[in-house]
Amino acid sequence: MQQHPLVAILNRLGTFVLVMIALSIMIFVLARVVPGDPARMALGPAATQEQVDALRGQMGLDKPLAVQYLDYIGNALHGDLGFSLMSQRPVTTDLAQTVPATVELVLVSVIFMFLVAIPLGVIAAHYRDRPLDHIGRILSLTGVTIPSFLFAITLQLLAARFLSGWPIIGRLDHALGWQGGPTGFILVDGMLAGRFDVVLDALKHLALPAFALSMAGIGQITRITRSSMIENQRKDHVLTLQSFGVPERVIIFRYLLKLSSIAPLTIMGLEFASLIGNAFVIEMVFAWGGFASYGLNAILQKDLNAVTAVVLVAGLFFIVANLIVDVLISIIDPRLRRKEAR
């Protein structure tokens with residue numbers, strides 16, 4: 001019996017809600033048991049104990065932990081994630097400014113992964129144990145082993161040396177006078193406003209950090225695509241198609257690639273979710289000012305509300321990415337739905 005896709009999605013959503021609740025409890029408790037008084041850190045060593053106690057009262061830190069958690073969740077359900085001691089603004093305001101920058105960077109990085117890794121994996125599998133395969137394996141190993149910050153710095157140096165005028169920091173040239181748009185995604189807002197000069201400049205700013213951020217994923221997905229292709233080449237139905245004289249390109253792109261796309265697609269979804277939280281090195285190198293670097297600064301400053309919100313948002317991205325991947329895989333391979341329905 002095959003399970004309806006909507007039922008499978010609802011089952012996963014129920015699981016993901018429980019995961020978010022568990023994650024919120026875990027990060028809320030951990031953020032408060034880590035040594036260091038956030039009120040003292042916010043006011044500095046010159047503040048009096050009375051001032052520190054007053055700020056602790058404003059932050060609700062003098063209440064029992066369970067009461068603090070219930071208050072936080074109640075406010076969060078109404079869109080209030082608290083006040084950031086680091087930026088002196090509501091955390092929702094900070095997230096609205098930083099999340100689009102990181103998501104845009106990560107989305108372009110994932111596009112790089114798809115456009116580069118899948119063809120490399122297919123070529124390496126097709127020319128197995130031949131020079132093209134060896135080149136692909138060397139490139140994939142390089143991407144996996146070399147740290148992303150080294151790629152970032154190297155790309156900056158190469159651009160500064162050989163590409164005169166190519167932007168190496170920031171998201172956009174301030175001389176364009178761009179005031180922002182409703183979504184916070186420069187590419188989307190620029191196209192909606194008809195400012196294609198802004199779109200082109202944003203793409204130029206995105207190229208280097210997105211490529212540096214995607215290198216590890218490119219290496220990993222290339223290797224997995226190659227392995228999946230080689231494994232599925234031995235399947236009976238592929239051998240049957242070959243024996244019937246079906247052209248090689250038809251076998252690869254119509255049958256073999258679809259069958260081999262499940263593992264790379266799963267990794268790509270996980271890469272998207274993990275890059276949301278792990279992009280801080282690239283953001284620091286390229287002065288990107290995104291969500292990941294905001295979260296790192298919040299942790300260093302022990303800004304409780306900001307830390308909790310950052311982890312919850314990162315967890316939400318991870319859950320959504322997994323849900324999308326699960327749906328796509330169930331569409332590609334209906335056998336998975338039949339397994340879940342048993």
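Note that the structure is a prediction, hence the values are computed from the model and not measured. Along the sequence shown, the residues carry numbers beginning at 1.
- With sequence neighbours left out, the side chain to side chain contact (heavy atoms under 4.5 Å, CB included) criterion links Met26 to Leu23, Leu30.
- Heavy atoms of other residues, nucleotides or ligands lying less than 6.0 angstrom from CZ of Phe211 number 12 at most.
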From CA spacing to verdict: side-chain contact (heavy atoms from CB on, under 4.5 Å), Leu85, Gln301: CA-CA 9 Å; Leu85 298 175; Gln301 298 291 330; over 6 Å; no

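- Residues Ile230 and Ile267 are members of separate hydrophobic clusters, defined by side-chain heavy-atom contacts under 4.5 angstrom among Ile, Leu, Val, Met, Phe, Trp and Tyr.
- Screening residues 189-210 for side-chain hydrogen bond (donor to acceptor under 3.5 Å, both in side chains) gives Thr183-Asp189, Arg195-Asp197, Asp201-His205 as the qualifying pairs, with residues at least two apart or on separate chains.
- Applying the salt bridge (charged side-chain N to carboxylate O under 4.0 Å, His left out) test to residues at least two apart or on different chains, none of the pairs has a partner in residues 14-25.
- What you find for Leu208 and Pro167 is that their closest heavy atoms are CD1-O, 3.9 Å.
- The CD atom of Gln68 lies 8.0 Å from the CG atom of Asp71; values are rounded to the nearest 0.5 Å.
- Side-chain contact check for Val144 versus Arg223: some heavy-atom pair is nearer than 4.5 Å.
- There is no side-chain donor-acceptor pair under 3.5 Å between Thr222 and Thr225.
- With Trp178 contributing its side chain and Leu172 its backbone, the two residues share no donor-acceptor pair below 3.5 Å.
- Trp288 places a side-chain heavy atom less than 4.5 Å from the side chain of Pro209.
- When all heavy atoms of Ile221 and Pro264 are compared, the pair lying nearest together is CG2-CB, 4.0 Å.
- Nearest approach of Phe280 to Ser293, heavy atoms of both residues: CB-N, 4.0 Å.
- Checked against side chain to side chain contact (heavy atoms under 4.5 Å, CB included), Asn75 has the following partners two or more places apart in sequence or in another chain: Asp80.
- Summarising the geometry, atom CG belonging to Leu213 is positioned 9.5 Å from atom CZ belonging to Phe286; distances are rounded to the nearest 0.5 Å.
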Do Asp94 and Tyr294 pass the side-chain contact (heavy atoms from CB on, under 4.5 Å) test, and can you show the C-alpha distance, the side-chain angles, and the key distance before you say yes or no? CA-CA 8 Å; Asp94 292 338; Tyr294 172 79; 2.9 Å; yes

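- Within the structure, the salt bridge (charged side-chain N to carboxylate O under 4.0 Å, His left out) test picks out no pair touching residues 303-323 (sequence neighbours left out).
- Listed by first then second residue, pairs satisfying side-chain hydrogen bond (donor to acceptor under 3.5 Å, both in side chains) with a partner in residues 117-139 read Asp133-Arg226, not counting sequence neighbours.
- Using a 4.5 Å cut-off on side-chain heavy atoms (C-beta onward), Leu158 and Leu163 make no contact.
- Listed by chain and residue number, nothing satisfies the side chain to side chain contact (heavy atoms under 4.5 Å, CB included) test with Ser227 (two or more places apart in sequence, or in another chain).
- Ser140 places none of its side-chain heavy atoms less than 4.5 Å from the side chain of Leu120.
- Apart from Ile135 itself, the hydrophobic cluster it occupies contains Leu139, where clustering links Ile, Leu, Val, Met, Phe, Trp and Tyr at side-chain heavy-atom distances under 4.5 Å.
- Within the structure, salt bridge (charged side-chain N to carboxylate O under 4.0 Å, His left out) pairs that include any residue of residues 108-121 do not occur (at least two apart or interchain).
- Here ring pair (Phe, Tyr, Trp, His ring centres under 6.0 Å) pairs that include residues 142-177, with residues two or more places apart or in two chains, number zero.
- The hydrophobic cluster containing Leu77 also contains Ile319, counting ILVMFWY residues as joined when their side-chain heavy atoms lie under 4.5 angstrom apart, directly or transitively.
- A search for side chain to side chain contact (heavy atoms under 4.5 Å, CB included) contacts involving Tyr69 returns Ile21, Ser24, Ile25, Phe28, Ile73, not counting sequence neighbours.
- The CD atom of Gln220 lies 12.5 Å from the CG atom of Leu141; values are rounded to the nearest 0.5 Å.
- No continuous path of hydrophobic side-chain contacts links Ile169 to Leu200 [ILVMFWY only; heavy atoms under 4.5 Å].
- Looking at Phe317 and Val99, their side chains come closer than 4.5 Å, going by heavy atoms from C-beta outward.
- Residue-environment remark: CD (Gln88) exceeds the threshold of 12 foreign heavy atoms within 6.0 Å.
- In the hydrophobic cluster analysis, where Ile, Leu, Val, Met, Phe, Trp and Tyr join through side-chain heavy atoms closer than 4.5 angstrom, Leu192 is grouped together with Leu203.
- Looking at Gln156 and Arg161, their side chains never bring a donor and an acceptor atom within 3.5 Å of each other.
- Across all non-hydrogen atoms, the minimal contact from Val91 to Ala306 is CG2-N, 4.0 Å.
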Please tabulate, one pair per line, all N/O donor-acceptor pairs under 3.5 Å involving side-chain atoms of residues 102-119, not counting sequence neighbours.
{"unit_1": "Thr102", "atom_1": "OG1", "unit_2": "Glu283", "atom_2": "OE2", "d": "2.5"}
{"unit_1": "Thr102", "atom_1": "OG1", "unit_2": "Phe291", "atom_2": "N", "d": "2.5"}
{"unit_1": "Glu104", "atom_1": "OE1", "unit_2": "Arg171", "atom_2": "NH2", "d": "2.7"}
{"unit_1": "Glu104", "atom_1": "OE2", "unit_2": "Ile186", "atom_2": "N", "d": "3.1"}
{"unit_1": "Glu104", "atom_1": "OE2", "unit_2": "Leu187", "atom_2": "N", "d": "2.9"}
{"unit_1": "Ser109", "atom_1": "OG", "unit_2": "Leu105", "atom_2": "O", "d": "2.8"}
{"unit_1": "Ser109", "atom_1": "OG", "unit_2": "Ala210", "atom_2": "O", "d": "3.2"}

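- Rounding to the nearest 0.5 angstrom, the gap separating the CE atom in Met86 from the CG atom in Asn297 is 5.5 Å.
- No path of Ile, Leu, Val, Met, Phe, Trp and Tyr side chains, each step under 4.5 Å between heavy atoms, connects Phe83 with Leu304, placing them in separate hydrophobic clusters.
- The shortest side-chain heavy-atom distance between Met215 and Ile146 does not fall under the 4.5 Å cut-off.
- Side-chain contact annotation: Asn305 with Ser84, donor-acceptor N/O pair under 3.5 Å absent.
- Atoms OG and CG, on Ser228 and Leu265 in that order, are 11.5 Å from each other to the nearest 0.5 Å.
- With rounding to the nearest 0.5 angstrom, the OG atom of Ser148 is 4.0 Å from the CD1 atom of Ile282.
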